Amino acid sequence: MLLSKLDLIILFTYLIAIMIYGLWMSRSKNKNVSDYFLASKSLPWWIIGGSLIASNISAEQILGTNGSGYAIGLAIGGYELMSALTLIIVAKFMLPVFLDKGIFSIPQFLEERFDNRVRIIFSFILVILYVFVNISSIFYLGGLAISNLTGIPMLAGILGLVIYSASFSIFGGLKAVVWTDVIQAVVLLIGGLIAAGVALAALGEGNVLSGMANLYESIPEHFDMILGKSHPHYASVPGISVLVGGMWIANLYYWGANQFIIQRALAAKNIKEAQKGVASAALLKLLIPLIAVIPGMAAFALQADISTPDEAFPWVLSELVPIGIKGLVFAALVAAIGSSISSLVNSVSTISTLDLYKPIFNKNAKEKHLVKIGKITAAGALIIGMLTAPFLAILELDQAFQFIQEFSGFISPGIFVTIIFGLFWKGTSAKPALWVALLCVPLSVALFIFTELPFFYRMTISFVILSMLIVILSHFEKTNFNDNITEIKSGLLIAGVMLLISIPFSLRILIGDINLPQWIGIVVLFSNTSILFYIFKNKKVNPKAIKIDAQLFRTEPHFNIMSILVITILGCIYLCLG
């Protein structure tokens, strides 16, 4: 599908307008690291919420998830829906501690809780992941989408994305990124809802509500939220695993320990604004299946003439969206690409400057110098990502989202274990965390090479092994001192994490719901029991343990109302469609 001249005019007008606005937002001088990397810690809740959504949704997700909607149905939207609940948990239990510490980055928290070695190792890992996996793959898929829809060569499309992202992400820092994100979030939501609306209207002879009713009547099997083992796409959406198990590792890491996401909340005016912003993002997350799944399902019901499922959304644009509006919808795709890239670049800049350059090369660097280094590393991340992107064609990335998830899954269990135990268990210390940092990638790579286990199962096993490692090593750590107090609340919080992730995994193996040898289920269950035994028995405290006041977790009425609304909507969806 090629865009008409009118659509191209609308598209390029939008792009130029965003670039001008981003440059205008960059006009204020970034005098210190707080100005450049955390927007002077001045963000209101609505900026945080909009920026979180814009940074999270990218083109490969819209195209790929609509393709899954075409092939599988609404069940693929479970990943988006459960992200809404994850955001509430992160805002309630993790964000208050991060903001109370006044940190700029997740690696900085790791140093304050453990030591500089843990900070540096995870910083290197995150920078490599962001540049060579996230940025490069988004450039590749974005350039490919632009080429398919406009006729522009892919390399030219990638170069255009570099210029577009660089115009505000390098010079303006986080402030320019988040303020342009808000506009891009609005365009993304409007464009996506238009695409869903015209697809449903085509099914309902001009009436959107009739179209939704006809969609359900024509393909009721596509509305199943929990797929059974006999479903042909069970491997992609493995039934109850969407609600419990390894999915929670990916979600809690992504929303709670992922720098390019959490950085928006760290830049909030205060904890109240941060929590309201994250909760508003959770509410917006509930709309994403309308954008990223329904058009694909409608294409299936309309018997779209396509060769692969991933062509479902382009088919809707080509065949159903009118000229003129088509340019706006495509602008939404470009908005999704641009906001994701600029957010990633800003986070690479933050980690490279504050967590690698300063502690390793120039501990006494002045703030203006650090801002300069931040701009240089932002430019470097864009250039390296641009140069790496074309080589991904060799991998024939027809599943870019899965590509990102696989490589993110190599490090997410390690960072997640380190963060969760560092936050909520006073008995752990630097040396065990260092071993987790050193072994998390080799362990995940070994499971990837030597087993044929699905992605979620490998992450769960990594989580259990690394949790055992950090607990056992902490038990023998000499730097801890005995205070004769058992931390019941800490144990309950970690037990809650295990009830979401590894305990259901072991029980499902034992009852035959997961096709793995039962001895694996027994070992995992025994490991969970042992971990909790050590935690509840522990009376040792590390000198760098976090002392958390229970008052820190008290939330405001606005946040509570939004949280209840999110949980109620999710409950209704799964009760009605599960």
Side-chain angles (χ1 to χ4, degrees), residues 38 48-49 51-53 55-56 79-110 112-114 118-119 122-123 125-126 129-130 134 244-268 271 274-282 285 343-344 347 350-351 405 408-409 411-425 433 436-437 440 459-460 462-463 466-467 490 493-494 496-502 546 548 552-553 555 559 562-563 566:
L38 287 185
I48 295 167
S51 184
L52 281 171
I53 292 299
S55 302
N56 166 240
Y79 295 111
E80 302 295 334
L81 296 174
M82 296 311 295
S83 290
L85 181 57
T86 307
L87 281 163
I88 298 300
I89 293 173
V90 168
K92 174 74 174 178
F93 295 107
M94 298 174 70
L95 194 54
V97 182
F98 293 151
L99 287 169
D100 186 59
K101 288 290 181 182
I103 60 172
F104 282 74
S105 68
I106 292 299
Q108 183 187 351
F109 168 80
L110 294 175
E112 291 192 10
R113 177 60 181 87
F114 299 110
V118 179
R119 177 185 192 174
F122 275 126
S123 295
I125 292 172
L126 286 172
L129 175 73
Y130 289 163
N134 294 80
V244 293
M247 181 277 299
W248 280 101
I249 300 173
N251 272 0
L252 287 168
Y253 156 74
Y254 182 87
W255 293 107
N258 189 352
Q259 180 65 27
F260 97 94
I261 290 295
I262 202 68
Q263 192 162 344
R264 280 114 188 85
L266 297 179
I271 181 61
Q275 288 180 321
K276 281 195 296 184
V278 174
S280 67
K285 257 297 186 181
S343 298
L344 282 161
S347 294
T350 303
I351 295 174
Q405 291 299 309
S408 297
I411 69 162
S412 54
I415 293 182
F416 179 66
V417 165
T418 310
I419 293 287
I420 290 299
F421 281 86
L423 279 172
F424 302 122
W425 190 40
V436 170
C440 67
M459 283 203 306
T460 305
S462 292
F463 167 76
L466 295 174
S467 296
S490 299
L493 285 168
I494 295 175
V497 171
M498 292 184 172
L499 283 170
L500 284 175
I501 299 171
S502 47
I546 296 174
I548 299 176
L552 196 62
F553 297 126
T555 48
F559 174 81
M562 286 191 279
S563 300
V566 167

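Predicted, not measured: the structure shown is a model, and the values here were computed from it. All values below come from the heavy atoms of this structure, side chains included, with hydrogens, waters and symmetry mates left out.
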Shortest non-hydrogen contact between Ile125 and Ala437, atoms and distance: CD1-O, 4.1 Å
The reported gap from OG1 in Thr460 to CD1 in Ile501 (rounded to nearest 0.5 angstrom) is 7.0 Å
Candidate pair Ile106 and Phe98, rule side chain to side chain contact (heavy atoms under 4.5 Å, CB included), full reasoning: CA-CA 8 Å; Ile106 292 299; Phe98 293 151; 3.9 Å; yes
Separation between OG (Ser280) and CG (Leu87), nearest 0.5 Å, reads 9.0 Å
Between Tyr79 and Met247, which heavy-atom pair has the shortest distance, and what is it? CD2-CG, 4.4 Å
I'd like to know whether Cys440 forms a side chain to side chain contact (heavy atoms under 4.5 Å, CB included) with Ile415, so could you lay out the CA-CA distance, the side-chain angles of the two residues, the decisive distance to 0.1 Å, and finally the verdict. CA-CA 8 Å; Cys440 67; Ile415 293 182; over 6 Å; no
Nearest 0.5 angstrom please: Leu252 CG to Ile420 CD1, how far? 6.5 Å
Between Met459 and Pro413 the two heavy atoms that sit nearest each other are O-CG, 3.9 Å
Taking the side chain as every heavy atom from C-beta outward, state whether Trp255 and Val278 have any pair of such atoms under 4.5 Å apart. no
Heavy-atom distance under 4.5 Å between the side chains of Thr86 and Lys285, does that happen here? no
Rounded distance (nearest 0.5 Å) linking atom CD of Gln275 with atom CG of Leu99: 8.0 Å
On a heavy-atom basis, the closest approach of Ala274 and Ala268 is CB-CB, 3.5 Å
Sequence-distant partners of Ser123, side-chain contact (heavy atoms from CB on, under 4.5 Å), two or more places apart: Pro107, Arg119, Ile351, Asp355, Leu356
Using the ring of each side chain (for Trp, its six-membered ring), is Tyr254 parallel, tilted or perpendicular to Phe260, with breaks at 30° and 60°? perpendicular
Can any side-chain N or O of Tyr130 pair as donor or acceptor with the backbone N or O of Gln259 at less than 3.5 Å? yes
Let's go through Ile88 and Phe559 carefully: what are the C-alpha distance in whole Å and the side-chain angles of both, what is the deciding distance for side chain to side chain contact (heavy atoms under 4.5 Å, CB included) to 0.1 Å, and is it a yes or a no? CA-CA 9 Å; Ile88 298 300; Phe559 174 81; 4.2 Å; yes
Side-chain contact test, heavy atoms from C-beta onward, threshold under 4.5 Å: evaluate it for Val436 versus Phe421 and give yes or no. no
Point-to-point distance, once rounded to the nearest 0.5 Å, from CG of Asp100 to CG of Leu95: 11.0 Å
Sort and list the pairs that fulfil salt bridge (Lys or Arg N to Asp or Glu O under 4.0 Å) and have at least one residue in residues 249-264, not counting sequence neighbours. Asp181-Arg264
Parallel, tilted or perpendicular: which describes the rings of Phe463 and Phe416, with under 30° parallel and over 60° perpendicular? tilted
With rounding to the nearest 0.5 Å, note down the distance linking CD1 in Ile411 to CG in Asn258. 8.0 Å
What closest approach, in Å, do Ser467 and Val417 show between heavy atoms, and which atom pair accounts for it? OG-CG2, 3.7 Å
Leu266 to Ser105 - nearest heavy-atom pair and separation: CD1-N, 4.2 Å
Is the shortest side-chain heavy-atom distance between Phe109 and Ile419 below 4.5 Å? yes
When you compare the side chain of Ile262 with that of Met94, does any pair of heavy atoms fall below 4.5 Å? no
side-chain contact (heavy atoms from CB on, under 4.5 Å) partners of Val244, counting only residues at least two apart: Ile240, Pro504
A side-chain contact here means heavy atoms from C-beta on lying under 4.5 Å apart; do Ile89 and Trp248 qualify? yes
